[in-house]
Amino acid sequence: MRFTSCCGGAGAKTLVLVGKAGNGKSATGNTIIGRRVFESKRSLAGVTSTCQLETATLSNGQIINVIDTPGLFDSSVEPRLLATEIAQCIKMAKDGIHGVLLVLSIGNRFSEEEASAFASLCQIFGHEIADYMIVVFAHGDLLEDNQCLEDFWGPNCPQLLTDIMAMCGKRAVVFDNMTKDEDKISRQRKELLSLVEAVVKNNGGKSYVNYLFEALNMSEMDLIDQTSEVTCSEKSHEGKKFHIKYEEQFEQLIKMVELRLGECIMRLEKQLAEERVARLEVELKAQAAQTKSKEEMIEMKERLERAEELSKKLEEKFKNAENQSKEKASETIWSRMGCIIM
Ligand SMILES: Nc1nc2c(ncn2[C@@H]2O[C@H](COP(=O)(O)OP(=O)(O)OP(=O)(O)O)[C@@H](O)[C@H]2O)c(=O)[nH]1
Ligand SMILES: [Mg+2]
């Protein structure tokens, strides 16, 4: 874990990158910072394994803190590890979060896993987190020449993504993290930062700080207040004590996140169980319909066979009757002819 506190100052903005492993979070972070500070590479396994904070001062003096995270809601991540990373992220974003960048990839189909990761974020941090979210479509270079973002997530967009976009106030940008064109890089960054400004304005200038953050910030304030009261000679001893207290409180924070994660997992399991039951019902219905149609087919076949037998019998009867009437007719002729001869 590379732990540094966010650079403060009234205008400093803290952005957190979230999203599925491999979607391009770290690459997006590098584009925002303007240097290759986060490791970003093609890999089958997750590349970023712990949260990392980096800071940049833009040419206009604006301080930007960017927190890169691992693919937190990937199913392979252990709940305890997930809770620790979320808690570390909260610890890093001391003054709260000004923007949560949900990184999706234009190169990948939007999955249900991503939708449930979004739901988990809302469950852990509260639905208000969506008010701070901006969707970043990485791999922007994959867009066709005449294709724009609206075309991409427009009419054929999966419903789950449309819902997420609506919850995020349709704030979205496209990022081509591979471009070497400085103008393009600066345009992309500007577009994103203007959305961050809009988010901050919409939220009354406040960063996102929920009770999870408050729990940690309060403990830090306690630490600062109490440490300032002790004399220099006492400081190292007291400092150690407060450090232990702080660590204890941090452990409590992890437990709080774990509790919420537990709720998330329960919700996901319930959802999964419900989906399984619904799928089973559909399968049973399909099976019943198949059996019914098989039975109907057999019945129809039998009916057809019976009808064919009947028509054969009728044909035979008709032939017999015809033969009989022919025989009768010839008998009559012969008997009449006999009468005439005699
Ligand atoms: N062509 C293209 N490739 C990109 C873009 N953004 C990221 N990539 C590539 O996608 C791969 C994954 O990018 P990362 O930034 O490591 O993705 P991540 O989300 O941080 O992945 P984890 O750390 O594993 O969670 C790398 O090979 C990047 O070079 C982009 O805009 N265009
Ligand atoms: Mg990464």
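Any value given below was found using the heavy atoms of this structure, including those in side chains, with hydrogens, waters and symmetry copies removed. What you see is a predicted model, and the numbers here were worked out from it, not measured in a lab.
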Distance, nearest 0.5 Å, that separates [atom1] of [X] from [atom2] of [Y]:
X: L15; Y: I64; atom1: CG; atom2: CD1; result: 5.5 Å
X: L53; Y: Q88; atom1: CG; atom2: CD; result: 11.5 Å
X: T162; Y: K170; atom1: OG1; atom2: NZ; result: 9.0 Å
X: E182; Y: S186; atom1: CD; atom2: OG; result: 8.0 Å
X: E331; Y: Q324; atom1: CD; atom2: CD; result: 10.5 Å

Verify side chain to side chain donor-acceptor pair (under 3.5 Å) between E327 and N323, making sure each step is shown before the conclusion. CA-CA 6 Å; E327 274 170 24; N323 287 343; over 6 Å; no

Spell out, as yes or no, whether a donor-acceptor pair under 3.5 Å connects the side chain of [X] to the backbone of [Y].
X: E54; Y: F38; value: no
X: T48; Y: T69; value: no
X: K25; Y: S40; value: no
X: R171; Y: D131; value: yes
X: H98; Y: T14; value: yes
X: Q52; Y: S26; value: no

According to a 4.5 Å side-chain heavy-atom criterion applied to Ile, Leu, Val, Met, Phe, Trp and Tyr, with indirect links allowed, do [X] and [Y] form part of one hydrophobic cluster?
X: V47; Y: L101; result: no
X: Y132; Y: M165; result: yes
X: F137; Y: I185; result: no

Can you see which heavy atom on [X] is nearest to which on [Y], and at what distance?
X: I106; Y: G140; answer: CD1-CA, 4.1 Å
X: P70; Y: E85; answer: CG-CG, 4.3 Å
X: M92; Y: C51; answer: CE-O, 3.5 Å
X: G24; Y: N177; answer: O-ND2, 3.9 Å
X: M167; Y: C122; answer: CE-SG, 4.4 Å
X: L142; Y: G107; answer: CD1-CA, 3.6 Å

Can L160 and F118 be said to form a side-chain contact (heavy atoms from CB on, under 4.5 Å), step by step? CA-CA 10 Å; L160 288 170; F118 175 82; over 6 Å; no

Go through the steps for K292 and E296 under the test side-chain contact (heavy atoms from CB on, under 4.5 Å), then give the verdict. CA-CA 6 Å; K292 201 176 162 201; E296 278 173 358; 3.7 Å; yes

Trace of the salt bridge (Lys or Arg N to Asp or Glu O under 4.0 Å) decision for E274 with K270: CA-CA 6 Å; E274 279 170 4; K270 193 171 157 238; 3.7 Å; yes

Using side-chain contact (heavy atoms from CB on, under 4.5 Å) as the criterion, point out the one residue from D176, V174, T28 that pairs with Q188.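 For Q188, the side-chain contact (heavy atoms from CB on, under 4.5 Å) test succeeds with only one of D176, V174, T28, which is D176.
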
L104/L161 under side-chain contact (heavy atoms from CB on, under 4.5 Å): CA gap, chis, key distance, verdict: CA-CA 10 Å; L104 302 178; L161 181 54; 3.6 Å; yes

Side-chain donor-acceptor pair under 3.5 Å between E114 and N23, yes or no?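 The answer is yes; a qualifying pair exists.
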
Stepwise side-chain contact (heavy atoms from CB on, under 4.5 Å) test for T55 and I63: CA-CA 7 Å; T55 299; I63 294 173; 3.7 Å; yes

Donor-acceptor contacts, no H, no angles, side chain residues 189-202, under 3.5 Å, sequence neighbours left out:
from, atom 1, to, atom 2, distance (Å)
R189, NE, T31, O, 3.3
R189, NE, I32, O, 3.0
R189, NH2, T31, O, 3.3
S194, OG, E191, O, 3.0

Show me the side-chain donor-acceptor pairs of residues 302-319 shorter than 3.5 Å, one per line, residues at least two apart or across chains.
from, atom 1, to, atom 2, distance (Å)
R303, NH2, E299, OE2, 3.0
S311, OG, E308, O, 3.1

